Amino acid sequence: MLSKAKILLIYTGGTIGMKKDFETGALRAFNFSKLLQRIPELKQLDCKIETLSFENPIDSSNMNPEKWAKIATIIADNYASFDGFVVLHGSDTMSYSASALSFMLENLSKPVIFTGSQLPIGDLRTDAKENLITAIQIATLRENGKPVISEVCLYFEYKLYRGNRTTKINAEHFNAFTSPNYPHLVESGVHLKLNSELFLPLKSDVQLKVHKNLDNHVAIIKMFPGISEVVLAAILGIPNLKGIILETYGAGNAPTEDWFIGLLKKAITKGLHIINVTQCSAGSVSMGQYETSTSLKEIGVISGKDITTEAAITKLMYLLGQKIASNDFKKIFETSLRGEMI
């Protein structure tokens, strides 16, 4: 008989870990050591659950590479002892964190599932219980003794997504996330519907590699009609800047004015990596499809293809931290490493 799956629940902070004082209306952190008392439904899951909380839980607005490294370290230190990991996280930056961890955890062969909620766990209409219970249930799924899911995912409002394909789209509705360019992996209803053909293949007999060195000398520039030469030059001239995510129009289009192309070309010549991603909510960059993107392709701008901004910026930090040679950087960025792009 197979032993019960062991799941480590990691609480970093966020609404899901809060409970309301109904006399004052104030929110305070929930004691996760009493999780089973608070949510007795968890006892119905065929697994063993242990909990670990950040000593000082944070609002996800304060998430940063140092905290990502802390999450990665917790997973690495407990990797041999658990069959899966569920990370409780504030929703505002959850897509960034799920994307970052997907790159930091190379050769992952167990599920790492991020989840959270829009309402605190003690609220009458909370979405926290369903998100938490189903995220844990999915993390326990095994077939022939091996995990069904072996990648970093995000579960919210009845859908499991590939983490580095997600973006937050709503601050008020329970369906806060979407995956604009990749279908959901699992849908929760009366039964769990698995789209197994979409999963990343299980990597067996490989050693987990944890990459904690992320370089945050990066920036995001969102194009808008009327962006000035002075503003763009000031951003590109930031000392020690190493990479830019350039959010362009449509399929990767941008102004063709000489000053604009000239500034980008000069920056690239000096070693700055510029990645072209679309500011559309869905779709892909296709440089050269229109005349307004041909010049970008010619000067060496990197195509982000159908990657999200969240995955693009964290992948950029990850690759910069890997000290990739300049002449290899473009090819590696344009290659899918963890299923984050086509």
Side-chain angles (χ1 to χ4, degrees), residues 5-10 12 50 52 54 63-87 89 93-114 138-139 141-142 145-154 161-166 182 185 198-218 242-243 273 275 302 307-308 310-341:
K6 288 184 66 180
I7 302 299
L8 180 61
L9 195 63
I10 304 167
T12 67
E50 293 187 22
L52 191 156
F54 273 19
M63 188 55 69
N64 58 40
E66 182 183 330
K67 303 296 192 305
W68 291 334
K70 186 174 181 178
I71 298 170
T73 299
I74 291 171
I75 292 171
D77 290 348
N78 292 278
Y79 197 69
S81 303
F82 291 88
D83 300 295
F85 304 86
V86 173
V87 182
H89 191 291
T93 60
M94 194 187 299
S95 288
Y96 289 95
S97 295
S99 297
L101 266 292
S102 75
F103 299 118
M104 296 169 75
L105 301 174
E106 185 179 358
N107 294 333
L108 185 65
S109 60
K110 297 179 180 183
V112 174
I113 300 178
F114 280 78
I138 291 173
L141 294 177
R142 291 190 289 179
K146 295 181 179 180
V148 171
I149 304 288
S150 58
E151 55 182 290
V152 178
C153 298
L154 187 157
Y161 305 103
R162 177 164 298 153
N164 57 32
R165 287 288 195 160
T166 62
Y182 200 77
L185 306 181
L198 301 173
F199 299 171
L200 288 179
L202 177 64
K203 295 181 179 180
S204 55
D205 302 321
V206 288
Q207 188 76 27
L208 177 70
K209 294 181 182 178
V210 180
H211 304 278
K212 302 178 189 177
N213 186 24
L214 300 179
D215 193 329
N216 65 349
H217 290 88
V218 296
K242 298 178 183 177
H273 302 291
I275 291 86
I302 298 167
I307 198 169
T308 63
E310 294 91 335
I313 195 71
T314 52
K315 184 176 185 178
L316 179 57
M317 289 189 218
Y318 164 70
L319 290 180
L320 288 171
Q322 296 302 297
K323 311 294 184 186
I324 304 294
S326 294
N327 55 345
D328 294 328
F329 197 94
K330 184 177 187 293
K331 181 180 179 181
I332 294 175
F333 195 99
E334 292 180 349
T335 300
S336 178
L337 303 179
R338 311 283 193 270
E340 74 281 1
M341 65 200 307

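These numbers were taken from a predicted model, which means no experiment stands behind them.
- Atom CD in E66 sits 11.5 Å away from atom CD1 in I71 (nearest 0.5 Å).
- The two residues A311 and T308 come nearest to each other via the heavy atoms N-OG1, 3.0 Å.
- Ring geometry for F103 versus Y318: interplanar angle under 30°, hence parallel rather than tilted (30 to 60°).
- Interatomic distance, CD1 of I7 versus CD1 of I138, reported as 11.0 Å (0.5 Å rounding).
- L208 approaches A76 most closely through the heavy-atom pair CD2-CA, 4.4 Å.
- The side chain to side chain contact (heavy atoms under 4.5 Å, CB included) test with S336 is passed by exactly one of E340, E334, R338: E340.
- Side-chain contact between N107 and Q207 is absent, with no heavy-atom pair separated by less than 4.5 Å.
- Taking the side chain as every heavy atom from C-beta outward, K110 and I75 never approach each other to under 4.5 Å.
- Annotation: side chain of Y161 is not in contact with side chain of Y182 (no heavy-atom distance under 4.5 Å).
- F329 and F333 have parallel rings, their planes meeting at less than 30° on a 0 to 90° scale where 60° marks the start of perpendicular.
- No side-chain heavy atom of V210 sits less than 4.5 Å from a side-chain heavy atom of T73.
- For the pair I74/F85, no side-chain contact is recorded, criterion being any heavy-atom separation below 4.5 Å from C-beta on.
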